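The structure presented is a predicted model; accordingly, all values stated were derived computationally and were not measured.
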Amino acid sequence: MDCPKRYDAMERLHKLVTLRDFETCSLESMSEYAKSYFSAGACSKSTPRENEEAFHRYRIRPRVLRDVSDAEMSCKVLNSHVSCPIGIAPVGLHVLAHQEAESATAKACCEEDCIFILSSSASTCIERVQYIVSSLKEIQPVLWMQTYIHKERLVTMNIIRRAESLGFSAIVVTVDSPNCGLWRNVMPEDFFKFVTSKMPNLPSLPRYLEDASITFEDLKWIVENTKLPVIAKGILSGEDAKKAVEIGVSAIIVSNHGGRLIERVVSTIDVLEEVVEAVSHSTIEVYVDGGIRSGSDVFISLALGAKGAFIGRPAIWGLSVEGENGVKKVLQILKEELLLTMQLAGASKIEDIKRSMVVKI
């Protein structure tokens, strides 16, 4: 689809009806630096692409002749009531996509009553994001804060304490990054120089704070030193999921960092069931991100045991096309597709989505 530039903003948004439409328009509106950063994968783009293609190995098997006239998607995710089990994953440097950056993304997400995870590599400070969303009337924002386990542990704890004081609901700890991965190798040589020169107030990027010595003991230290639920992001095996249960995390995000770290890493949807099964004896919730491009993908994720599905790049596509309204439209598309898929599959509420409704080919 060609991006309909000839239309005004609202009409253009009306013409964009799928996430792929937003991807096409986004590629026309982003700078070269932004396209390089947000699309980067480990060595090549094959790993992020495999996250998407893995969903095509699953098929939905509907149940028919069920009353789905009152179908709705509201649910509880980690003790927070939300409009649907769809949220926005942590992505750094939103300002490369739009001048209003994370403030616009967070506002759109909260207005749609979805969970927003703020990256510790955000181009907008925690306090500014919280101020923006707190100004929304009659809305109880659900904000989670992401952090790495930095070499300087005080950096990590400072992020956590700020999140606690500002009313964030959970701490998301990225556990799959002893280094920043192979995506840096495909970036323009002057990318980091550009970022630091043009945006001097940005927090330090993780590449400067990586720590290859981190273990589950470090994750346990965070669990023991925050009053908020801790979510481990980046687990891809049942064995690691069990260890996370043992140290007291409240949830897990099955994630491969958008395919940015390791070449040929397993796709998240392919290991989701293994992780869900590994923690089935506990109260831990499991979420998934990576490759979600439609409401059908969300449905498949839920059928395989996820309690929530998070998007990264699609939110950035919406942001780059039309700021806050673009992000809202992306979420609205996913929500509508999920609701229609639920009805067609015979599920009137999230709890009705069963494993038997999905088969792998």
Side-chain angles (χ1 to χ4, degrees), residues 1-40 48 86-112 114-136 141 143 145-146 187-188 191-192 194-203 205 258 260 289 292-293 310-334:
M1 173 183 177
D2 294 328
C3 187
K5 291 181 179 179
R6 63 183 182 277
Y7 303 110
D8 63 29
M10 294 309 296
E11 190 172 359
R12 175 169 65 169
L13 283 180
H14 180 71
K15 297 287 183 179
L16 303 177
V17 296
T18 69
L19 268 58
R20 290 301 182 194
D21 293 342
F22 272 93
E23 181 180 21
T24 299
C25 284
S26 178
L27 293 176
E28 295 184 13
S29 62
M30 279 188 187
S31 69
E32 290 303 314
Y33 283 117
K35 282 188 283 190
S36 296
Y37 176 70
F38 293 120
S39 66
I86 300 169
I88 294 182
V91 179
L93 305 183
H94 286 210
V95 74
L96 293 177
H98 192 275
Q99 62 183 3
E100 294 182 9
E102 288 82 7
S103 295
T105 312
K107 188 177 179 182
C109 196
C110 292
E111 286 180 339
E112 287 299 315
C114 298
I115 296 169
F116 177 69
I117 308 177
L118 179 63
S119 170
S120 59
S121 299
S123 42
T124 308
C125 72
I126 305 174
E127 290 77 10
R128 176 63 179 170
V129 171
Q130 191 277 336
Y131 172 78
I132 290 294
V133 300
S134 65
S135 66
L136 300 174
L143 302 175
M145 185 67 217
Q146 178 271 341
M187 296 299 294
F191 173 76
F192 290 104
F194 166 80
V195 169
T196 54
S197 65
K198 298 296 183 182
M199 291 165 272
N201 295 323
L202 282 175
L205 294 173
R260 295 167 76 85
D289 69 21
I292 294 167
R293 301 293 180 263
F310 290 84
I311 58 170
R313 291 182 176 94
I316 295 298
W317 300 337
L319 180 66
S320 69
V321 170
E322 204 57 56
E324 176 190 337
N325 288 329
V327 179
K328 286 178 66 174
K329 182 64 182 291
V330 164
L331 290 169
Q332 289 165 0
I333 288 171
L334 281 175

Any side-chain heavy atom of [X] sitting closer than 4.5 Å to one from [Y]?
X	Y	result
Lys107	Glu100	no
Leu96	Ser123	no
Ile88	Leu331	yes
Ser26	Val321	yes

If the threshold is 4.0 Å, N to carboxylate O, is there a salt bridge linking Lys329 and Glu322?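 No.
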Minimum heavy-atom separation for [X] to [Y], with atom names?
X	Y	value
Gly258	Pro48	O-CG, 3.4 Å
Met30	Ala97	CE-CB, 4.5 Å
Leu319	Ala101	CD1-O, 3.9 Å
Asp289	Phe310	CB-O, 3.3 Å
Arg313	Phe38	NE-O, 2.7 Å
Gly87	Cys114	CA-CB, 4.5 Å

Determine, step by step, whether Thr105 and Val91 satisfy the side-chain contact (heavy atoms from CB on, under 4.5 Å) criterion, reporting the C-alpha distance in whole Å, the side-chain angles of both residues, the deciding distance to 0.1 Å, and the verdict. CA-CA 10 Å; Thr105 312; Val91 179; over 6 Å; no
Let me confirm one number: the [atom1]-[atom2] distance from [X] to [Y], rounded to the nearest 0.5 Å.
X	Y	atom1	atom2	answer
Ser121	Glu102	OG	CD	9.5 Å
Ile311	Arg293	CD1	CZ	8.5 Å
Tyr131	Cys125	OH	SG	12.0 Å
Thr18	Glu23	OG1	CD	9.0 Å
Gln130	Ser135	CD	OG	9.5 Å
Cys109	Leu118	SG	CG	11.0 Å

Before giving the answer on side-chain contact (heavy atoms from CB on, under 4.5 Å), spell out for Glu111 and Glu324 the whole-Å C-alpha distance, their side-chain angles and the decisive distance to 0.1 Å. CA-CA 10 Å; Glu111 286 180 339; Glu324 176 190 337; 2.8 Å; yes
Can you list the steps and then say if Ile292 with Ile86 is a side-chain contact (heavy atoms from CB on, under 4.5 Å)? CA-CA 10 Å; Ile292 294 167; Ile86 300 169; over 6 Å; no
Taking only residues two or more places apart in sequence, or in another chain, which ones meet Ser103 in a side chain to side chain contact (heavy atoms under 4.5 Å, CB included)? Thr124, Arg128, Ile132
Please determine if Arg260 forms a cation-pi arrangement with Tyr37, meaning its NZ or CZ atom is less than 6.0 Å from the six-membered ring centre and no more than 45° off the ring axis.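 Relative to the ring axis of Tyr37, which defines the angle, Arg260 lies inside both limits.
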Set out, in order, the CA-CA distance, both residues' side-chain angles and the distance that settles side-chain contact (heavy atoms from CB on, under 4.5 Å) for Phe22 and Ile333, then state yes or no. CA-CA 11 Å; Phe22 272 93; Ile333 288 171; 3.7 Å; yes
Taking Glu112's backbone N and O only, do any of them form a donor-acceptor pair with Lys328's side chain (distance below 3.5 Å, no angle check)?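 Pair absent, no side-chain N/O of Lys328 close to backbone of Glu112.
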